[in-house]
Engineer: 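Following this message is one structure expressed as structure tokens.
Per chain, numbering begins at 1; letters A, B, ... match sequence-line order.
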Amino acid sequence: MKPFTENVIRIIKQIPPGKVMTYGQIAKFAGSPRGARQVVRVLHSMSKKYNLPWFRVINSKGEIAIRDEETLAAQIIFLEEEGIEIENKSIDLKKYQYHPE
DNA sequence: AGCTTGACTGTGG
DNA sequence: ACCACAGCCAAGC
């Protein structure tokens, strides 16, 4: 598997409950600063197989970017259960964004 | 090999 | 705060 994919998986698994990361941020830490879209791809193909907390990944505006209604609803529930406040799909990044070392 | 398609992003109006 | 535009990169046809 590509190093990038492995990195993405490892980084996402590091996100603690109650925190979130953005696609671009993950891409950057994974070694591809412009690879936000690839992060999306990894989530699609690997989230189940590797049991990833995909719901802790949102876009740079601090909003949930999912198109599918059911999946979206599920994500909101997961996040709220971890104590994250969500205002109509949007999250306060200042407050909940995770910053790895 | 060329084109389309995303759970994206930063900039500018 | 909202919208339009232009980069971005890999996978699927």
Side-chain angles (χ1 to χ4, degrees):
Chain A
M1 181 181 320
K2 287 189 174 184
F4 175 75
T5 305
E6 296 178 20
N7 290 332
V8 170
I9 292 173
R10 177 163 37 74
I11 292 170
I12 291 178
K13 289 179 86 80
Q14 283 179 30
I15 307 176
K19 291 289 182 179
V20 298
M21 278 186 82
T22 70
Y23 300 97
Q25 193 185 5
I26 292 169
K28 191 175 71 176
F29 278 98
S32 179
R34 307 298 167 202
R37 316 193 80 127
Q38 282 47 259
V39 174
V40 169
R41 195 176 312 292
V42 173
L43 282 186
H44 269 282
S45 56
M46 308 295 188
S47 60
K48 287 204 168 181
K49 185 173 180 182
Y50 290 85
N51 199 26
L52 301 178
W54 54 269
F55 47 86
R56 302 198 188 121
V57 184
I58 60 181
N59 68 23
S60 67
K61 300 189 192 78
E63 303 176 316
I64 299 176
I66 292 186
R67 311 280 186 96
D68 180 68
E69 290 300 325
E70 293 186 47
T71 313
L72 170 61
Q75 177 163 17
I76 292 176
I77 291 174
F78 280 129
L79 294 178
E80 288 184 331
E81 285 182 346
E82 296 187 343
I84 296 179
E85 307 170 51
I86 301 176
E87 172 78 35
N88 186 33
K89 296 185 188 176
S90 76
I91 295 171
D92 186 352
L93 278 182
K94 302 270 185 185
K95 210 168 171 182
Y96 300 109
Q97 183 166 35
Y98 177 53
H99 303 283
E101 306 173 30

Engineer: Could you go through nucleotides 7-13 of chain C and list every protein N or O atom that sits under 3.5 Å from one of its N or O atoms, giving the distance for each pair?
Structural biologist:
from, atom 1, to, atom 2, distance (Å)
C:dC9, O4', A:Q38, NE2, 2.8
C:dC9, O2, A:Q38, OE1, 2.5
C:dC9, O2, A:Q38, NE2, 3.4
C:dA10, O4', A:Q38, OE1, 3.3
C:dA10, N3, A:R41, NH2, 2.9

Engineer: Step by step, work out the side-chain contact (heavy atoms from CB on, under 4.5 Å) result for A:L93 and A:V20.
Structural biologist: CA-CA 8 Å; A:L93 278 182; A:V20 298; 4.1 Å; yes
Engineer: In a table with atom names and distances, give each donor-acceptor pair under 3.5 Å that connects a side chain of residues 70-80 of chain A to protein atoms at least two apart or in another chain.
Structural biologist:
from, atom 1, to, atom 2, distance (Å)
A:T71, OG1, A:D68, OD2, 2.5
A:Q75, NE2, A:F55, O, 2.7

Engineer: Kindly state which residues belonging to residues 56-84 of chain A come within less than 4.0 angstrom of DNA chain C, counting heavy atoms of the residue only, listed by number.
Structural biologist: none
Engineer: Between B:dA7 and C:dG7, how far apart are the P atoms? Round to whole Å, please.
Structural biologist: 22 Å
Engineer: Check A:Y96 against A:G83 and note the closest heavy-atom contact, atom names and distance.
Structural biologist: OH-O, 3.7 Å
Engineer: What's the spacing between A:K28 NZ and A:M21 CE if we round to 0.5 Å?
Structural biologist: 8.5 Å
Engineer: Return the set of residues passing side chain to side chain donor-acceptor pair (under 3.5 Å) with A:Q25 (not counting sequence neighbours), or none when no residue passes.
Structural biologist: A:Q97
Engineer: At the 4.0 Å heavy-atom cut-off to chain A, mark where contacts on DNA chain B begin and end, going 5' to 3'.
Structural biologist: B:dG6 to B:dG10
Engineer: With sequence neighbours excluded, tell me which residues meet side chain to side chain donor-acceptor pair (under 3.5 Å) with A:E82.
Structural biologist: A:R56
Engineer: What heavy-atom pair brings A:T5 and A:M1 nearest, and what distance separates the two atoms?
Structural biologist: CG2-SD, 3.2 Å
Engineer: For the residue pair A:G35 and A:A27, what are the closest heavy atoms and their distance?
Structural biologist: C-CB, 3.5 Å
Engineer: Give the minimum heavy-atom separation between A:K13 and A:Y50, together with the two atoms involved.
Structural biologist: NZ-O, 3.0 Å
Engineer: Search all heavy atoms of A:N59 against all heavy atoms of A:A65 and return the closest pair with its distance.
Structural biologist: ND2-CB, 3.8 Å
